[in-house]
Student: 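Have a look at the structure that comes next, please.
Both counts, for ligands and for their atoms, begin at 1 and track the order of listing.
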Amino acid sequence: MRIGIIGAGQLGRMLALSGIPLGLEFLMYDRSADVPGAAVAPVVTGEFDDLAALRKFARRVDVITFDWENVPVASVRALAGIAPAWPPPRALEVAQDRLAEKRLFARLGIPVAPHAAVDSLASLRRAVRRIGLPGILKTRRLGYDGKGQVRVTSEDELAAALAALGGRGLIYEGFVRFTREVSLVAARGQDGAIAFYPLAENVHDAGILAVTRAPRPAPRLQRLAEWHLRRILERLGYVGVLCVEFFVSGNQLIANEMAPRVHNSGHWTIEGAETSQFENHVRALAGLPLGSTRARGAAGMVNFIGRMPEAAAVLSLEGVHFHDYGKSPRPGRKLGHATVLAPTAAARDRRLKRLLALAVRASQVARGPFR
Ligand code: AMP
């Protein structure tokens, strides 16, 4: 069976790396051949809205998925008669619009931050009056890794924040005073079986995921998060991996956003779980049974952003697994990650501290996101 992946970034690459041992083949599609996925599978190049090129690509594969959530929904829908596409295009459509996403969550009874659509200064003022300050103004579409959002703390900042984000197609959200951020990754098979990973705790730095620790044992929150994801997966007739990020506030989970794909906060599962998120995604696509999501000890993942640390320094740490995506360095760009494993959470945290010191030194960011 050949799996077609639209987008050949590091996620596409890790999908292929997990599926090749299962006897699966991969073909990727991206705008350029100079992409992380090219190291492990052939890449067809074309624009993401070039339907003729995408149809030709689809005829060469048995099933289609994507590693990037800003692939045009119309492009994925146009391939429907040629090869099945999973996750369903509707999931992609919802995830591309922060307002649609919040509406879906709310309809399913999943708590979300107070929010309002903003298309003008007048609507922003109304939103702020109703929701209060501080808050975050975000673009509804095409935002990722903290891009396309501005924190506002006073009325005086509204006009500038609005202008910085283009003035329309925005959403204003009340600032959630969370104690921590967690995410839940789940996979749903074609037979409707669902496998949930343990909750992961995430620390962001300037809107970009910096550190994940998992599992984050919290039985009540785990049950609650599973309940929420089950509702989304079933409502969307979902196949593949889904990740939802939550704020923890008191004993409540407030959904922030969902990713209809494998997710950075699930990278720890490559070595830290019995079956990785990548393998479970390709298993679901191929109609194979899902694998165990059980954690193997305690895992900590650190992203390398902007600059890679020395491989030799990272590899000298105990229990470490190093991933270099082969990308050229650029400020704010995710270039790789490493995961440390340990038998206990305390030992994991000690190893994680050392790993984080290397990452921080490499990126020359003085403030460490480790808390
Ligand atoms: P996002 O792009 O929505 O994932 O936002 C990136 C990060 O910004 C989140 O992981 C949070 O750390 C922070 N953030 C986003 N929205 C809110 C909010 N409504 N309240 C508090 N923090 C937020």
Student: Do H337 and F322 have ring centres separated by under 6.0 Å?
Tutor: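 No, they do not, as the ring centres are separated by 6.0 Å or more.
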Student: Check each atom of ligand 1 against the heavy atoms of H204 and keep those under 4.0 Å away; list them by number with element.
Tutor: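 Answer, ordered by atom number: 10 (O).
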Student: On a heavy-atom basis, I'd like to know which of E181, K138, E101 is closest to atom 15 (C) of ligand 1.
Tutor: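 Of the listed residues, K138 has the closest heavy atom.
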Student: I'd like to know whether ligand 1 has R177 as a neighbour, heavy-atom separation below 4.0 Å.
Tutor: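 No heavy atom of R177 comes that close to ligand 1.
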Student: Does ligand 1 have a heavy atom under 4.0 Å from the side chain of N202, from its backbone, from both, or from neither?
Tutor: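 Near ligand 1, N202 shows nothing, with every heavy atom at 4.0 Å or more.
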Student: If you measure only the distance, is there a donor-acceptor pair under 3.5 Å linking the side chains of D49 and S75?
Tutor: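 No, because no side-chain N or O of D49 sits under 3.5 Å from a partner of the opposite role on S75.
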Student: Run the ring-centre check on Y238 versus W86 and record whether the distance is less than 6.0 Å.
Tutor: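 Here the rings of W86 and Y238 have centres that are no less than 6.0 Å from each other.
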Student: Could you say whether the N/O atoms of V176 and ligand 1 ever approach to under 3.5 Å?
Tutor: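 N/O-N/O distance below 3.5 Å exists for this pair.
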Student: Is it true that F304 and H323 have ring centroids separated by less than 6.0 Å?
Tutor: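 When the ring centroids of F304 and H323 are compared, they turn out to be at least 6.0 Å apart.
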Student: Is it true that Q149 lies under 4.0 Å from ligand 1, counting heavy atoms only?
Tutor: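 Distance cut 4.0 Å: Q149 passes for ligand 1.
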Student: In a table with atom names and distances, give each donor-acceptor pair under 3.5 Å that connects a side chain of residues 226-237 to protein atoms at least two apart or in another chain.
Tutor:
unit_1, atom_1, unit_2, atom_2, d
E226, OE2, Q222, NE2, 2.9
R231, NH1, L108, O, 3.2

Student: Looking at every non-hydrogen atom in both residues, tell me the closest pair between V71 and L92 and how far apart they are.
Tutor: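 Looking at all heavy atoms of both residues, the closest pair is O-CD2, 3.7 Å.
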Student: Less than 4.0 Å is my threshold; does some heavy atom of G174 fall inside it relative to ligand 1?
Tutor: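 G174 counts as a contact of ligand 1 under the 4.0 Å cut-off.
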Student: For I136, which part has a heavy atom under 4.0 Å from ligand 1: side chain, backbone, both, or neither?
Tutor: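 For I136, only side-chain atoms sit under 4.0 Å from ligand 1.
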